[in-house]
Amino acid sequence: MLSQRGCSHLVLERNRIAERWRSERWDEMRFQFPNWSVRLPDFPFPHADPDGFATNGQIVDFITAYAAFVAAPIRCGVCVTALRRHDTGSAFVAETTEGMIEADNVPLVDDRRRPERCARRPQCRLLGFCAGPHRPGRGPGGRRHRSQSREQAGQQKANPGQLPPGAVLVVGSGASGAQITEELFRAGRRVYLSVGQHTRLPRRYRGRDLTWWLSAMGLDQTPTEMRGPDRSNPLITGAFGGDTIDFRRFAAEGVTLLGRMQAADHTMVTLAADLSKRLA
Ligand SMILES: Cc1cc2nc3c(=O)[nH]c(=O)nc-3n(C[C@H](O)[C@H](O)[C@H](O)COP(=O)(O)OP(=O)(O)OC[C@H]3O[C@@H](n4cnc5c(N)ncnc54)[C@H](O)[C@@H]3O)c2cc1C
């Protein structure tokens, strides 16, 4: 869009294009929306199955191909370490690992800048497990060590085989937690799932994917702050062909559901007695 409007610009990426999808997620992660709905301007997503869900590798290929298609002026391996207003007050100065860059406007397009994506961790020390994929090189609480190199970052994706043997407590009942629970359970693990606040919806209704209904109702074009009292995103996954996430089914199959995790210290975990409330 910036190129089309003739705005001179520069894109900075601290790692590689689409790094999140390359190395910062679970191996078997799928795009949450069906293939027919995946699109970038003038650049269709190539697929054989409109109702299928793309793998993270396919998303990496798609974004990388799009960057080439629009000839994005992108500099990889450059991290922005600070951003401040220019002394004149009308522009910005970005401090980067490759020096200072001045710009009139600076869009921040890191998904984690969105409030609902910011990590909220309980006040506790975690040992032996983490909320989400186990990532070698991460310290207590799942935080990545700052000294970790990009080469190491490339080995971060996780799968059930990387977890130490034994039962697993998955903390977090978002799309990732649900998918990880199901995958671990299918891999023969004893799995406990700590369930927090969430919005469950059927994946399909009257033969249409939820994405179709959200789009037909215009909700995908409605800013979050205008969506009514419940602004949480529905709990959906593209894993396993786009299953409806149903925690009661998980329990019927053998996953042990637990209330919300309140605290953890070494080997002791404290859970709220609020599972029925969360499920209701
Ligand atoms: C834990 C987790 C699990 C998820 N699982 C799924 C899933 O299973 N399926 C699904 O469809 N979606 C999933 N998502 C959502 C998906 O990852 C995001 O919707 C998508 O990545 C958003 O893309 P984006 O381009 O807006 O931001 P991002 O993908 O976050 O891209 C931002 C980029 O900015 C770079 N960057 C950040 N800070 C700096 C800096 N200071 N200097 C330079 N570069 C910087 C990062 O390296 C990154 O490449 C998940 C999200 C999270 C947090």
Side-chain angles (χ1 to χ4, degrees), residues 1 10-35 37-40 45 52-60 62-64 66-67 72 74-84 92 94-101 103 106-121 130-135 138 141-144 146 148-150 153-154 156-159 170-183 196 198 203 209-211 220 224 232-243 245:
M1 195 170 73
L10 180 64
V11 182
L12 299 181
E13 165 56 57
R14 64 183 165 196
N15 290 327
R16 296 166 292 181
I17 293 174
E19 189 62 47
R20 299 263 190 255
W21 298 86
R22 293 175 191 271
S23 64
E24 299 183 23
R25 299 284 181 266
W26 195 245
D27 284 358
E28 293 305 318
M29 162 174 170
R30 295 287 176 136
F31 200 65
Q32 285 170 339
F33 304 99
N35 290 336
S37 69
V38 183
R39 52 183 168 250
L40 284 167
F45 176 64
F53 296 87
T55 62
N56 51 22
Q58 289 168 325
I59 294 294
V60 169
F62 181 54
I63 296 174
T64 308
Y66 184 72
I74 183 161
R75 274 195 217 161
C76 289
V78 181
C79 183
V80 177
T81 52
L83 184 65
R84 59 180 162 81
F92 293 92
E95 290 173 26
T96 82
T97 45
E98 297 206 347
M100 306 271 201
I101 296 175
V106 182
L108 300 178
V109 288
D110 179 5
D111 191 49
R112 289 191 190 175
R113 298 286 167 238
R114 284 164 52 191
E116 71 274 23
R117 288 261 188 260
C118 290
R120 281 175 290 173
R121 296 197 170 87
C130 60
H134 170 72
R135 302 220 170 108
R138 287 194 170 218
R143 204 175 288 273
R144 194 201 307 172
R146 300 187 87 195
Q148 196 172 35
S149 69
R150 258 180 276 135
Q156 270 179 28
K157 282 203 297 183
N159 60 62
V170 178
V171 179
S173 54
S176 301
Q179 178 178 343
I180 288 165
T181 297
E182 193 151 10
E183 206 179 310
H198 60 273
R203 176 84 242 192
D209 190 89
L210 178 68
T211 311
D220 58 341
T224 313
S232 55
N233 287 324
L235 186 50
I236 51 170
T237 176
F240 311 112
D243 266 358
I245 296 172

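Start at 1 and go down the list; that is how both ligands and their atoms are numbered. This chain uses plain numbering: 1 for the first residue, then up along the sequence. All of these numbers come straight from a predicted model, not from anything done at the bench.
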Inset, instruction - Report the part of Val78 (side chain from C-beta onward, or backbone N, CA, C, O) that has a heavy atom under 4.0 Å from ligand 1; answer both or neither where that applies. - result: backbone

Legend entry - Subset of ligand 1 atoms that lie under 4.0 Å from at least one heavy atom of Ser176: 2 (C), 3 (C), 4 (C), 5 (N)

Legend entry - Nitrogen or oxygen of Gln32 less than 3.5 angstrom from that of ligand 1: yes

Legend entry - Thr81, portion touching ligand 1 at heavy-atom distance under 4.0 Å: neither

Inset, instruction - Check if Ala175 has a non-hydrogen atom at a distance under 4.0 Å from any atom of ligand 1. - result: no

Legend entry - Option set Leu108, Ile63, Val80, criterion heavy-atom distance to atom 41 (N) of ligand 1, minimum: Val80

Legend entry - Heavy-atom proximity to atom 16 (C) of ligand 1, best of Trp21, Phe33, Trp26: Trp21

Inset, instruction - Would you please indicate yes or no on a ring centroid separation below 6.0 angstrom for Phe45 and Phe62? - result: yes

Legend entry - Reported CZ-to-OG1 distance for the pair Phe31 and Thr55, which is rounded to 0.5 angstrom: 11.5 Å

Inset, instruction - Could you please spell out the steps behind the salt bridge (charged side-chain N to carboxylate O under 4.0 Å, His left out) verdict for Asp110 and Arg20? - result: CA-CA 10 Å; Asp110 179 5; Arg20 299 263 190 255; 2.5 Å; yes

Inset, instruction - Could you grab the distance from atom OG of Ser37 to atom CD of Gln32, nearest 0.5 Å is fine? - result: 10.5 Å

Inset, instruction - Pull out every atom of ligand 1 sitting under 4.0 Å from any heavy atom of Arg30, numbered as shown with elements. - result: 7 (C), 8 (O), 9 (N), 10 (C), 11 (O)

Legend entry - Option with minimal heavy-atom separation from atom 8 (O) of ligand 1, where the choices are Met29, Glu13, Arg16: Met29

Legend entry - Value rounded to 0.5 Å, distance of CG in Asp27 from CG in Asn56: 7.0 Å

Legend entry - SB check Asp209 Arg203 (cutoff 4.0 Å): yes

Inset, instruction - Hey, could you give me the CD/CE distance between Glu95 and Met100, rounded to the nearest 0.5 Å? - result: 4.5 Å

